[in-house]
Amino acid sequence: ASRSIDLDGINFSPNAEYHMRFSFLKGGAETAWEQFKLSGKYSSSTEYDDDTPPLKVEKGERAYTISNEKFRVEFDAKTGFISSLGEGGTQARNLQWEFWRPATNNEIGAKFGVKSALWRDAARRAKLVKYDVSESIVDAVSIVRVETVHKFPIKGALAKTVYEIRPDGLVEVRGEFIFDKELPPV
């Protein structure tokens, strides 16, 4: 059996990720559920005009700053992580890879926290091995691209991150984590 769900009329933001959750009910009670990421474009892409403030890239002693009149993002020169991201008074600070979370009851019983303890502070111990900042023009729009590679002191584990910063304040982040399959679970 199949069913279509009409998503017209929903005001999707181009700066967000969307998921759809399905519940399976038996006798009115949820017996199982599944969540799916929605892919594709759900709103028109941002239109840039001559009034869109261009991006400025400044290399300071402690940070790269990419900004215009609308927003500002800073990358720490030592760690390569976003140290500050803000738009109109809203701020996020110290955005970095994280591999640790509180354990569930089942994980406590299985001593998951002991077996996987090496991940607890892995991001803090990471070493920046590549840090490139470049500017390019895509569809007549200036884009700043920041690429970082971090090496973790855990049997050759690497994290590759690409940030693309656009003049409207959109920061698209793509990450890849490479690690030995024999390591404890993350």
All heavy atoms of Tyr64 vs all of Lys59, minimum pair found to be OH-CD, 3.5 Å
Distance (rounded to the nearest 0.5 Å) between Thr148 OG1 and Tyr131 OH: 8.5 Å
Pairs where residues 133-152 contributes a residue and the test ring pair (Phe, Tyr, Trp, His ring centres under 6.0 Å) is met, not counting sequence neighbours: Phe81-His150, Phe99-Phe152, Phe152-Phe177
Leu85 side chain near Val171 side chain, heavy-atom distance below 4.5 Å: yes
Taking the side chain as every heavy atom from C-beta outward, state whether Val144 and Val133 have any pair of such atoms under 4.5 Å apart. yes
Find out whether Asn68 and Lys56 are in side-chain contact, i.e. whether some heavy atom of one side chain is under 4.5 Å from a heavy atom of the other. no
If I take atom CD1 from residue Ile137 and atom CD1 from residue Ile143, how far apart are they, to the nearest 0.5 angstrom? 8.0 Å
I'd like to check the salt bridge (charged side-chain N to carboxylate O under 4.0 Å, His left out) partners of Lys78; sequence neighbours left out, ordered by chain and number. none
Arg145: which residues meet the side-chain hydrogen bond (donor to acceptor under 3.5 Å, both in side chains) condition with it, sequence neighbours left out? Glu147, Glu164
Are any of the side-chain heavy atoms of Thr65 and Val73 separated by less than 4.5 Å? no
Less than 4.5 Å apart, side chain to side chain, heavy atoms only: is that true for Val146 and Ile165? yes
Checking Asp76 side chain against Ala63 main chain: does a donor-acceptor pair fall under 3.5 Å? no
With sequence neighbours left out, the residues meeting side-chain contact (heavy atoms from CB on, under 4.5 Å) with Val129 are Val149, Lys151
To the nearest 0.5 Å, what is the distance between CD (Glu135) and CD1 (Ile66)? 8.5 Å
Name all residues meeting the side-chain hydrogen bond (donor to acceptor under 3.5 Å, both in side chains) criterion together with Thr161; count only those two or more places apart in sequence or in a different chain, and write none if there are none. Trp97
Sub-4.5 Å side-chain heavy-atom contact between Leu170 and Phe71: no
Could you tell me which residues satisfy salt bridge (charged side-chain N to carboxylate O under 4.0 Å, His left out) with Arg62, sequence neighbours excluded, listed by chain and number? none
For residues Leu158 and Val173: do they belong to one hydrophobic cluster (side chain heavy atoms under 4.5 Å, members Ile, Leu, Val, Met, Phe, Trp, Tyr)? no
Evaluate Ile82 against Tyr163 for side chain to side chain contact (heavy atoms under 4.5 Å, CB included), listing each step before the verdict. CA-CA 10 Å; Ile82 291 177; Tyr163 306 86; 3.6 Å; yes
Contact summary for Ser142 and Pro167, nearest pair of heavy atoms: O-CD, 3.4 Å
Taking side-chain contact (heavy atoms from CB on, under 4.5 Å) as the test, write out the residues that go with Glu176, two or more places apart. Lys160, Ile178
Any side-chain to backbone donor/acceptor pair from Asn105 onto Ile108? Under 3.5 Å, distance only. no
Tell me whether the count of non-hydrogen atoms from other residues, nucleotides or ligands lying under 6.0 Å of CD in Glu58 goes above 12. yes
Asp121: which residues meet the salt bridge (charged side-chain N to carboxylate O under 4.0 Å, His left out) condition with it, sequence neighbours left out? Arg124, Arg125
Rounded distance (nearest 0.5 Å) linking atom NZ of Lys70 with atom CG of Leu55: 10.5 Å
